Trainee: 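Here you go, one structure.
The basis for the numbers below is simple: all heavy atoms, side chains too, and nothing from hydrogens, waters or symmetry mates. Because the structure is predicted, anything quoted here is derived from the model rather than measured.
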Amino acid sequence: MAPPSILRDNEEGSESDIGEKNNQPDINWEELGFSLIPTDYMYAMKCAKGEKFSQGTLMPYGNIELSPSAGILNYGQGIFEGLKAYRTEHGRILLFRPEENALRMKIGADRLCMPSPSVEQFVDAVKQTVIANKRWVPPPGKGTLYLRPLLMGTGAALGVAPSPEYTFLIYCSPVGNYHKGGPLNLKVEDKFYRSISGSGGTGGIKSVTNYAPVYTSTTEAKANGFSDVLFLDSATGKNIEEATACNIFVVKENAIFTPAIDGAILPGITRKTIIDIAIDLGYKVMERSISVEEMMNADEVFCTGTAVVVTSVASVTYKETRAEYKTGPEMLSEKLRGILVGIQTGCLEDKKSWTVQVD
Ligand SMILES: *Cc1c(COP(=O)(O)O)cnc(C)c1O
């Protein structure tokens, strides 16, 4: 019997129905948060183990069919990505460094023994998904269309081994701010770790298996009024690594510090971009270990990520100690955020060719 398929076979012939719908979706752009709003279409492409991805297709957004013994369900063989489409004041739609997401997905796929789409296939699929869901891209200044590419083992197998079949899928949702209510109050987690130190683990890839294990920490922190959790390195428990889904920077006497990419933290595209922007502005940026103590004595702290963009940190609590930091429009993080968002939304000149026009 053939393994159950994620792409239902009745999709044939429906392709002519795939097209941009023109009427405005019934949503209040002013109230966008970071929660799922289903859109019209998703993209999917399948490939057998040992083969290459070749042809994908758009299809109406909806539930997918999976074998109970799919690799993703049983053994967590899966990775995800996250990127945004931005509507400019001039009516264009831009992506920001999508090839970086494609390359990161490839590295994750190699680590988890999965085939991955080529950079061209990835970027083309993202573009197709945005165009088909164009009416869901929020107006400038109101939000963005968040795209979620997934790569997962969808073939059926009982033993612990790479799945016989893989699916690359992209769905999307319009989003506004990730954190409601401005600057973050972080809690340093001193009991659980997000990843294992060094290059032997999987902290450096967006493996689906890295995220549910932080829920115990984030649920407790949120119940106590914190916005997010900051994780420490598992080797010494002394150095900061990153928050749940964003990287961290500290500023001291006009120099900028962020933990080095060492295999344990996720190499954020926003992180890398902010480092470039800061260097171009003449700041000294150092990628190295940062102890909790050093962070507690910093002048300014901020987080970066596609979802949070650049968000300032108002306080960090470690055991019984709480450090507070200045926030506000005059802070370095605001300046960096302004430049980043300016480039992403086509308001500032894109000298480094970071943006990619969708249509
Ligand atoms: C996705 C992610 C980030 C941010 O990466 P970007 O490419 O900037 O979006 C940081 N940390 C973790 C754990 C992540 O999953």
Side-chain angles (χ1 to χ4, degrees), residues 2-12 14-15 17-18 36-49 51-85 95 98-99 101-134 136 145-157 162-175 205-212 306-307 358:
S5 162
I6 199 167
L7 310 183
R8 290 185 209 109
D9 292 326
N10 61 12
E11 292 303 333
E12 244 169 286
S14 67
E15 224 156 312
D17 303 336
I18 306 287
L36 184 74
I37 297 173
T39 65
D40 301 323
Y41 299 108
M42 60 187 188
Y43 177 97
M45 176 158 66
K46 282 199 305 180
C47 131
K49 181 176 149 201
E51 289 178 8
K52 287 199 163 104
F53 282 100
S54 62
Q55 181 73 50
T57 180
L58 287 165
M59 62 185 67
Y61 176 83
N63 291 350
I64 61 174
E65 224 166 70
L66 280 177
S67 161
S69 62
I72 179 74
L73 294 180
N74 293 260
Y75 306 120
Q77 196 184 17
I79 49 178
F80 69 93
E81 268 303 327
L83 69 166
K84 286 170 168 175
L95 298 171
E99 63 294 333
N101 298 92
L103 290 167
R104 189 167 64 190
M105 176 167 268
K106 172 151 193 357
I107 292 167
D110 288 348
R111 180 71 178 80
L112 299 187
C113 276
M114 298 192 284
S116 59
S118 68
V119 172
E120 295 70 34
Q121 285 173 323
F122 181 101
V123 175
D124 176 64
V126 169
K127 285 181 176 172
Q128 285 191 46
T129 310
V130 175
I131 291 168
N133 294 293
K134 202 169 173 178
W136 298 94
L145 185 70
Y146 183 81
L147 294 130
R148 171 51 61 83
L150 292 172
L151 179 64
M152 52 195 168
T154 42
S163 180
E165 180 208 86
Y166 296 87
T167 301
F168 172 63
L169 188 148
I170 308 177
Y171 68 91
C172 58
S173 173
V175 297
I205 61 170
K206 281 177 116 67
S207 168
V208 297
T209 55
N210 289 343
Y211 297 85
T306 299
V358 164

Trainee: Side-chain contact, heavy-atom cut-off 4.5 Å: Val126 with Tyr43?
Mentor: no
Trainee: Quick one: does Met152's side chain get under 4.5 Å of Leu169's, heavy atoms only?
Mentor: yes
Trainee: So, taking the atom named CE in Met114 and the one named OG in Ser116, what distance separates them when rounded to the nearest 0.5 Å?
Mentor: 8.5 Å
Trainee: With heavy-atom distances below 4.5 Å as the criterion, would you say the side chains of Cys172 and Val130 are in contact?
Mentor: no
Trainee: Check whether any side-chain heavy atom of Leu66 lies under 4.5 Å from a side-chain heavy atom of Thr167, and answer yes or no.
Mentor: no
Trainee: Determine the minimum heavy-atom distance between Ala44 and Met59, stating which atoms define it.
Mentor: CB-CE, 3.8 Å
Trainee: Quick test of your reading: applying salt bridge (charged side-chain N to carboxylate O under 4.0 Å, His left out), list the pairs with at least one residue in residues 115-129, sequence neighbours left out, ordered by first then second residue.
Mentor: none
Trainee: Would you check if Phe53 and Ser118 make a side-chain contact, meaning some heavy-atom pair closer than 4.5 Å?
Mentor: no
Trainee: Taking ring-ring contact (aromatic ring centres under 6.0 Å, His included) as the test, write out the residues that go with Phe122, two or more places apart.
Mentor: Phe168
Trainee: What residues form a salt bridge (charged side-chain N to carboxylate O under 4.0 Å, His left out) with Lys106, not counting sequence neighbours?
Mentor: Asp110
Trainee: Taking all heavy atoms of Leu151 and all of Ala109, pick out the closest pair and write down the distance.
Mentor: CD2-CB, 3.6 Å
Trainee: Identify the two heavy atoms, one from Tyr41 and one from Thr129, that lie closest to each other, and give their separation to 0.1 Å.
Mentor: O-CG2, 4.4 Å
Trainee: For the atom pair NZ (Lys46) and CD (Glu51), what is the distance rounded to the nearest 0.5 Å?
Mentor: 11.5 Å
Trainee: For the atom pair CZ (Arg148) and CD1 (Ile170), what is the distance rounded to the nearest 0.5 Å?
Mentor: 11.5 Å
Trainee: Looking only at heavy atoms, what is the nearest atom pair of Trp136 and Pro38, with distance?
Mentor: CH2-O, 3.7 Å
Trainee: Taking atom CG of Leu58 and atom CE of Met42, what is their separation to the nearest 0.5 Å?
Mentor: 10.0 Å
Trainee: For Thr154 versus Ala70, what's the shortest heavy-atom pair and its separation?
Mentor: O-CB, 3.8 Å
Trainee: Under the rule for side chain to side chain donor-acceptor pair (under 3.5 Å), what residues qualify as partners of Thr39, not counting sequence neighbours?
Mentor: Asn133
Trainee: For residues 76-85, dump all side-chain donor-acceptor pairs below 3.5 Å to protein atoms at least two apart in sequence or in another chain.
Mentor:
residue: Gln77; atom: OE1; partner: Ser163; partner atom: N; Å: 3.0
residue: Gln77; atom: OE1; partner: Tyr166; partner atom: OH; Å: 3.4
residue: Gln77; atom: NE2; partner: Leu112; partner atom: O; Å: 2.9
residue: Gln77; atom: NE2; partner: Cys113; partner atom: O; Å: 3.3
residue: Gln77; atom: NE2; partner: Tyr166; partner atom: OH; Å: 3.1
residue: Glu81; atom: OE1; partner: Asn101; partner atom: ND2; Å: 2.8
residue: Glu81; atom: OE1; partner: Arg104; partner atom: NH2; Å: 2.8
residue: Glu81; atom: OE2; partner: Arg104; partner atom: NE; Å: 2.8
residue: Lys84; atom: NZ; partner: Thr306; partner atom: O; Å: 2.7

Trainee: Quick one: side chain to side chain donor-acceptor pair (under 3.5 Å) partners of Arg111, sequence neighbours excluded?
Mentor: none
